[in-house]
Amino acid sequence: MKWSQTLIPTLREAPADAEIASHKLLLRAGLIRKLAGGVYTFLPLGLRALHKVEQIVREEMDRAGALEMLMPALQPPEIWQQSGRYETAGNVLFKLKDNGNREWVLSPTAEEVITTTAASEINSYRQLPKTFYQISVKFRDEIRPRFGLMRAREFIMKDAYSFDVSDEAAQVCYLKMYDAYARIFARCGLKAFPVEADTGVIGGKFSHEFMVPAETGENEVVYCEACSYAANIEKATSGIPKTAAREIGAALEKFATPGVFTIEALSKEPFSVAANRQIKTLVYIADSKPVIVLIRGDDQLNEAKIAGIIGTTILRAATAEEIFAAMGAHPGSLGAVASTLESQQKDPIRRFAESLRDAPKIYADERLRGANGMTTGANEDGFHFHNVSIERDIQVTQWFDLRTVTAGEPCVKCGKPLKIRRAIEVGHVFKLGTKYSEKLGSTFLAEDGQRRPCIMGCYGIGVTRTLQAVIEQSNDTNGIIWPVSVAPYTVCITPLNVAPEGAVMKLAEKIYADLAAQGVDVILDDRDDRPGVKFKDSELVGFPIRIGIGEKSLAKGEVELKPRAGAMIPVKPDEVVERVVQLIKDSTPAGK
RNA sequence: CGGAGCGUAGCUCAGCCUGGUAGAGCACUUGGUUUGGGACCAAGACGUCGCAGGUUCAAAUCCUGUCGCUCCGACCA
């Protein structure tokens, strides 16, 4: 490609709405342009890079035996109602109406469609196992799109779905995909690592996310350097000890705490109750019903955990008004001690609470199990209790691990201190089980004559996000540093004098033709611009290899081979093609 | 959904407080000079000052509404 023939609108300055390095570089290097919030056009150069990522994904999916297909992005809402996700994923579903007022949804993933297809086309164990995938545009109604392609309303995702006859067979599929993912990210030049993950909206039993470490990532990962443990913070647990029991079994003691509404205030004079001897009482609204969550005063609730336990995504903190209606006291004085909770809730003015048939469920963190001598709100404004024994005084519905792990806690596997770092989620693999196959009727007749639901798995890769993650992980002050595997062009030839009959341009044209003949993706910067402009642009765009040709070096019988991330190598003109081909070979990971 | 900020040339922004002829740099066009790290000179083109309404003799500027964008928050009672 000749530079003058394509469109590479580089910018000296980044648009003001770009925050992170990769987003700025995508815009400055002329790869994408924003059409609206979270909606982007891929310009020619950006599309080339995107296609390279897609091709790597395609090759590895094919290698793993998955079958490519293409499903509609525009989908009828009925199948979403059937799976139950019309409600549970409702906050991210784009919904629209056609001119006949019929409703449609724009697909964020395609479990419903593929399961519907499998239901009608797969009927026998003889047809299994099967894994299908597609690379297509997806939609999410993001509350707050940001960081360019990282969190967009419209994006490209590879989604794959496996159908198996048994858990054992599904496990084989899962591992195959897991391996394929490791290969894909390695080929993209990404340092991605798998972590245990929460299953979120998709649902299912078991999952891993593939994470790219980055300060600007929107996820936090808990990991152990001593052993293999790594988990999304939404899922992570630690070996932190339970609250130490105290010897005494003293009776409840109510005391006045006027103006004290925080854990911190209660930990100071004159009360001096350490945060780790307090019980924090939180109220959430899950599917429009209040639930009470208890956690130790010095711990943080992990909302993803409680949402997972209740099995809803429609979970939010209750407002002060809702809390008073449900509890009969205001935040800061709440408590779940049985007697007070009951008396407050029975108060006739608590209409909201009365409208609920059942008392709110009380979920407590495991770390509080067996705790006594604790302090918590009396569920009466301005009062707290001392000497609370949680098992004696509070009717806990169920115990769970609900707290958020913090750095330095002992690893749940090996006991060494855990670390936490930020990361970008680029891939996600799930074991789905029969959640969708049961609801949408994807069953098969087994060898024994029994009809059973398929065991499913699903596997996603954010293709556009992966592209941006590559840039986020590989750039410097001058611009992008593309790995060869996803660079829009591998080689940029930069003649410093573009006079058509000059020796410089003639040599440039020859090297260009020779490289192209070798199958190298090469671009020739034939613009009649000053050298500085051309050098800056080639570094901003980040081509892995630049071949500089100018009168000065040519007089010495040399051209300049400049790897984007390395030092300049003088090379004889008739050796340059060979050297370039070798460089490309050296920088391509084995196994391709 | 709550709070804050911003919408002026393709991009970065000034002008707004204190109402009175629409600005700069970069980019773009033409001519000339220059030519190994984002050149220089000259001439030029590019704006319903987000949109709608109001106040006023007069609105980019003040007021109201609206749309869009950005940031913070929407666990830590």
Which of these nucleotides, B:rU70, B:rA39, B:rA77, is closest to any side-chain atom of A:Lys34?
-> B:rU70
Using purine N1 to pyrimidine N3 plus N6-O4 or O6-N4 for Watson-Crick, or N1-O2 and O6-N3 for G-U wobble, both under 3.5 Å, which nucleotide pairs with B:rG37?
-> none
Lys/Arg N to Asp/Glu carboxylate O, A:Lys506 vs A:Glu501, below 4.0 Å = yes
When all nucleic acid strands are considered with a 4.0 Å heavy-atom cut-off, which category describes A:Gln300: base, sugar-phosphate, or nothing?
-> base
Mind calculating the distance between CG (A:Asn497) and P (B:rU34) to the nearest angstrom?
-> 14 Å
Which base sits across from B:rA14 as a Watson-Crick or G-U pair, both distances under 3.5 Å?
-> none
Go ahead and name the base partner of B:rG73; Watson-Crick or wobble counts if both distances stay under 3.5 Å, otherwise write none.
-> B:rC1
Identified pairing partner of B:rU29, criterion: Watson-Crick or G-U wobble below 3.5 Å | B:rA43
Euclidean distance for P, B:rC49 against B:rA59 (whole angstrom) = 12 Å
Checking only heavy atoms, does the side chain of A:Asp537 share a donor-acceptor pair with the base of B:rG38 at less than 3.5 Å?
-> yes
Rounded distance in Å between the C1' positions of B:rA14 and B:rG31 | 31 Å
Looking only at side-chain N and O atoms, does A:Arg146 come under 4.0 Å of OP1 or OP2 in B:rC71?
-> no
Other residues, nucleotides, ligands: >12 heavy atoms within 6.0 Å of A:Arg527 CZ = yes
Under 4.0 angstrom, heavy atoms only, what part of the nucleic acid is A:Phe261 near: base, sugar-phosphate, or nothing?
-> sugar-phosphate
Considering only side-chain heavy atoms of A:Glu19, which listed nucleotide, B:rU12, B:rG37, B:rU70, is closest?
-> B:rU70
Lys/Arg-Asp/Glu bridge criterion (N-O < 4.0 Å) met for A:Lys235, A:Glu209 | no
Between B:rU70, B:rC75, B:rA77, spot the one nearest the side chain of A:Asp17, thanks.
-> B:rU70
Between B:rG38 and B:rA24, how far is it from one P atom to the other, in whole Å?
-> 25 Å
For the residue pair A:His386 and A:Phe255, does the interplanar ring angle fall in the parallel (under 30°), tilted (30 to 60°) or perpendicular (over 60°) class?
-> parallel
Mark yes or no for a side-chain to base donor-acceptor pair under 3.5 Å between A:Glu13 and B:rG38, with no hydrogen or angle criteria applied.
-> no
Find the distance A:Asp365:CG to B:rC76:C1' and express it as a whole number of Å.
-> 14 Å
Using the P atom on both, measure B:rU56 against B:rA43 and round to a whole Å.
-> 44 Å
Paired with B:rC57: which nucleotide, if any, by Watson-Crick or G-U wobble criteria at under 3.5 Å for both distances?
-> B:rG20
Side-chain contact check for A:Lys536: nearest option of B:rG38, B:rU70, B:rG36 is B:rG38
Please work out if A:Lys534 contacts a base, only the sugar-phosphate, or nothing of the nucleic acid, heavy-atom cut-off 4.0 Å.
-> nothing
Which whole number of Å gives the distance between the C1' atom of B:rG5 and that of B:rG36?
-> 45 Å
Checking all strands, does A:Arg28 fall into the base, sugar-phosphate, or nothing category for heavy-atom contacts under 4.0 angstrom?
-> base
In whole angstroms, the gap separating P of B:rA39 from CG of A:Leu496 amounts to 14 Å
Before accepting this row, confirm whether a basic side-chain N of the pair A:Lys2/A:Glu509 lies closer than 4.0 Å to the acidic partner's carboxylate O.
-> yes
Among B:rA77, B:rG38, B:rC69, the one nearest any side-chain atom of A:Arg153 is B:rC69
Sugar-phosphate only, base, or nothing, as touched by A:Ser553 at under 4.0 Å among non-hydrogen atoms = base
Would you mind classifying the nucleic acid contact of A:Pro531 as base, sugar-phosphate or nothing, using non-hydrogen atoms under 4.0 angstrom?
-> sugar-phosphate
Kindly assign one of parallel, tilted or perpendicular to the pair A:His23 and A:Tyr40, based on the angle between their ring planes and the thresholds 30° and 60°.
-> perpendicular
At under 4.0 Å between heavy atoms, what does A:Glu539 touch on the DNA or RNA strands: base, sugar-phosphate, or nothing?
-> base
List the steps and the verdict of side chain to side chain donor-acceptor pair (under 3.5 Å) for A:Gln300 and A:Thr404.
-> CA-CA 5 Å; A:Gln300 305 297 332; A:Thr404 304; over 6 Å; no
Using a 4.0 Å heavy-atom cut-off across all strands, classify A:Gln278 as base, sugar-phosphate, or nothing.
-> nothing
Could you state the atom-to-atom distance from NZ of A:Lys556 to P of B:rG36 in whole Å?
-> 14 Å
Scan A:Gly37 against the nucleic acid and name what it touches under 4.0 Å (heavy atoms): base, sugar-phosphate only, or nothing.
-> sugar-phosphate
To the nearest Å, how far apart are A:Glu551 CD and B:rG37 P?
-> 14 Å
For atom P, what is the distance between B:rG50 and B:rG68, given to the nearest Å?
-> 16 Å
Counterpart base for B:rG65, defined by Watson-Crick or G-U wobble contacts under 3.5 Å = B:rC51
Select one nucleotide: of B:rG38, B:rG37, B:rA39, the one nearest the side-chain heavy atoms of A:Arg530.
-> B:rA39
Please state how far atom CD1 in A:Ile323 lies from atom P in B:rC75, giving the value in whole angstrom units.
-> 11 Å
Residue whose closest nucleotide on RNA chain B lies nearer the 5' end, A:Gly38 versus A:Glu303 | A:Gly38
Determine the interplanar angle of the A:Phe94 and A:Phe139 rings, folded into 0 to 90°, and report it as parallel if under 30°, tilted if 30 to 60°, perpendicular if over 60°.
-> perpendicular
Rounded P spacing from B:rU30 to B:rG73 in Å = 49 Å
Whole-Å distance separating the CG atom of A:Leu301 from the C1' atom of B:rA77 = 12 Å
Between the base of B:rG36 and the side chain of A:Arg546, is there any donor-acceptor pair under 3.5 Å?
-> no
On a whole-Å scale, what distance lies between the P atoms belonging to B:rU66 and B:rG19?
-> 27 Å
d(NE2, A:His23; C1', B:rC11) in whole Å = 14 Å
Between A:Pro15 and A:Thr404, which is nearer to the 5' end of RNA chain B once each is assigned its nearest nucleotide?
-> A:Pro15
Report, as yes or no, whether the 6.0 Å neighbourhood of atom CD on A:Glu264 holds more than 12 heavy atoms from other residues, nucleotides or ligands.
-> no
